[in-house]
Amino acid sequence: MRRLRFLTAFLLTPLFLSSCLFGQGLPNDHPFTKEKINGLEIFSSLEISLDSSSKTVKVTFDDFESLPSKLSKISERTELEREVTNEIGIKSKYETEYHFYKVELGQSETTLVAGKLHDKIIQETEGKDSESASFIREADIVGVGFYIKRSLYEGKLRTNMEVFYAGVLLDHKDQFYDGNTLYETIYSK
């Protein structure tokens, strides 16, 4: 009887350890593995600098530079990209994982940088009448942050498939804009 318990514990230990390592999302300090994060296209000059020793961040855009601020995670989600079945019937799952963060700027700093970023949006979308350009022009910027996009294969990170992009949080439907694409930050499974 004693051997059976030992054998059961011995065989279940790797399963338990793998579930602990791969099912918990990102560690709290994971964003601090990067030193700088930039936005895309319109926000290519938006930069978020991360200090791993003090766990603070600074936002710079054009001539604006914030004081060191804290970082908070707003949401995370995993989306199924595709499922592939090979010729012998084995299924493989490809997913994309998103983690959204907000820089906790003071009210005056948020107002100042939001105004500058909104002016940049107006300048870059002038003369463009697409639905997304008019939506972005009319939306209010309520914060600055970044997201981490990770490509997963069977729940594990694919090699060199993790990217960080800075952007802005919009008031309309809790959306995030990185200078190129709109993302919903709140997602119900």
Side-chain angles (χ1 to χ4, degrees), residues 24-79 96-128 130 132-151 157 160-188:
Q24 301 299 318
L26 292 179
N28 288 339
D29 62 345
H30 185 74
F32 294 97
T33 59
K34 284 282 195 189
E35 289 182 16
K36 292 184 190 239
I37 302 170
N38 292 82
L40 297 170
E41 295 182 18
I42 292 175
F43 297 145
S44 60
S45 60
L46 174 63
E47 185 177 277
I48 298 177
S49 303
L50 295 97
D51 182 355
S52 60
S53 60
S54 66
K55 301 290 188 241
T56 59
V57 296
K58 280 187 180 180
V59 175
T60 55
F61 182 71
D62 291 341
D63 61 345
F64 171 83
E65 183 175 335
S66 73
L67 296 171
S69 304
K70 295 291 180 190
L71 189 63
S72 64
K73 189 170 195 173
I74 351 175
S75 69
E76 65 182 69
R77 71 171 183 263
T78 303
E79 295 178 356
T96 303
E97 187 177 76
Y98 295 92
H99 300 268
F100 293 91
Y101 294 86
K102 180 180 181 183
V103 179
E104 298 294 337
L105 298 173
Q107 184 60 41
S108 61
E109 287 183 322
T110 300
T111 304
L112 183 60
V113 75
K116 289 179 177 291
L117 290 163
H118 194 263
D119 291 345
K120 182 71 169 179
I121 290 171
I122 298 295
Q123 175 188 348
E124 293 293 325
T125 59
E126 187 176 349
K128 296 180 181 174
S130 68
S132 61
S134 61
F135 170 79
I136 294 166
R137 275 196 302 268
E138 294 170 6
D140 288 330
I141 296 172
V142 295
V144 177
F146 64 90
Y147 69 93
I148 302 171
K149 180 179 177 182
R150 300 167 42 114
S151 294
L157 182 64
N160 297 323
M161 298 298 285
E162 179 177 73
V163 290
F164 293 65
Y165 294 115
V168 296
L169 294 151
L170 304 176
D171 66 338
H172 185 70
K173 293 185 179 178
D174 298 315
Q175 291 187 325
F176 186 93
Y177 180 60
D178 64 8
N180 185 37
T181 308
L182 280 169
Y183 294 96
E184 299 245 351
T185 59
I186 302 215
Y187 179 78
S188 57

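Predicted model, so just to flag it, every value in this text is computed and none were measured. When reading the values below, keep in mind they use all heavy atoms of this one structure, side chains included, and skip hydrogens, waters and symmetry mates.
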Open item on the list: Which heavy atom of Thr181 sits nearest to which heavy atom of Asp178, and what is that distance?
Closed with: N-OD1, 2.8 Å

Task: Main-chain N/O of Asp140 paired with Asp171 side-chain donor or acceptor, under 3.5 Å - done: yes

Task: Closest heavy-atom pair and its distance - Glu109, Ser69 - done: OE1-OG, 4.3 Å

TODO: Using the ring of Tyr165 (Phe, Tyr or Trp, six-membered ring only), decide whether Lys149 places NZ or CZ under 6.0 Å from its centre and within 45 degrees of its axis.
DONE: no

Open item on the list: How long is the straight-line distance from NE2 of His30 back to NE2 of His99, given to the nearest 0.5 Å?
Closed with: 7.5 Å

TODO: State the CG-CD1 distance between Leu169 and Ile141, to the nearest 0.5 angstrom.
DONE: 9.5 Å

Task: Lys34 atom NZ, neighbour heavy-atom count above 12 within 6.0 Å - done: no

TODO: Can you establish whether the number of heavy atoms outside Glu35 located under 6.0 Å from its atom CD is more than 12?
DONE: no

- [ ] Say whether, by atom type as modelled, one donor and one acceptor occur between the side chain of Ser44 and the main chain of Leu40 under 3.5 angstrom.
- [x] no

Task: Student check: side-chain heavy atoms of Tyr101 and Val57 closer than 4.5 Å - done: no

Task: Any side-chain heavy-atom pair of Phe164 and Thr33 under 4.5 Å - done: yes

TODO: Grab the two heavy atoms, one from Ala166 and one from Ile48, that are nearest each other, plus how far apart they are.
DONE: CB-CD1, 3.9 Å

- [ ] Please confirm whether the backbone N or O of Val59 pairs with a side-chain atom of Ser66, one donor and one acceptor, at under 3.5 Å?
- [x] yes

Task: Test side chain to side chain contact (heavy atoms under 4.5 Å, CB included) applied to Lys55 and Leu71, step by step - done: CA-CA 8 Å; Lys55 301 290 188 241; Leu71 189 63; over 6 Å; no

Task: Value rounded to 0.5 Å, distance of NZ in Lys120 from CG in Leu46 - done: 11.0 Å

- [ ] Drop me the distance from Ser45's OG to Lys116's NZ, to the nearest 0.5 angstrom.
- [x] 10.5 Å

- [ ] Take Glu126 and Ile122 through the side chain to side chain contact (heavy atoms under 4.5 Å, CB included) test and state the conclusion after the steps.
- [x] CA-CA 6 Å; Glu126 187 176 349; Ile122 298 295; 5.7 Å; no

Open item on the list: How long is the straight-line distance from CD1 of Ile136 back to NE2 of His118, given to the nearest 0.5 Å?
Closed with: 10.0 Å

- [ ] Give the ring-plane orientation class for Tyr98 versus Tyr183, where under 30° counts as parallel, over 60° as perpendicular and anything between as tilted.
- [x] tilted

Task: Within-4.5 Å side-chain heavy-atom neighbours: Val144 and Leu117 - done: yes

- [ ] Check step by step if salt bridge (Lys or Arg N to Asp or Glu O under 4.0 Å) holds for Arg150 and Glu97.
- [x] CA-CA 5 Å; Arg150 300 167 42 114; Glu97 187 177 76; 2.8 Å; yes

Open item on the list: Can you give me the closest heavy-atom contact between Leu50 and Pro31, atom names plus distance?
Closed with: CD2-O, 3.5 Å

Open item on the list: As an exercise, state the distance from OG1 of Thr125 to CZ of Arg137, rounded to the nearest 0.5 Å.
Closed with: 4.0 Å

Task: Test item: Thr96 and Thr78 side chains (from C-beta on) under 4.5 Å apart, heavy atoms - done: no

Open item on the list: I'd like to know if the side chain of Glu47 and the backbone of Lys36 have a donor-acceptor N/O pair within less than 3.5 Å.
Closed with: no

- [ ] List the atom of Ile74, the atom of Lys102, and the distance in Å for their closest heavy-atom pair.
- [x] CG1-N, 3.9 Å

- [ ] Quick one: do Phe43 and Ile121 satisfy side chain to side chain contact (heavy atoms under 4.5 Å, CB included)? Show the steps, please.
- [x] CA-CA 9 Å; Phe43 297 145; Ile121 290 171; 3.7 Å; yes

Task: Closest non-hydrogen atom pair, Arg77 against Phe100 - done: NH1-CE1, 3.6 Å

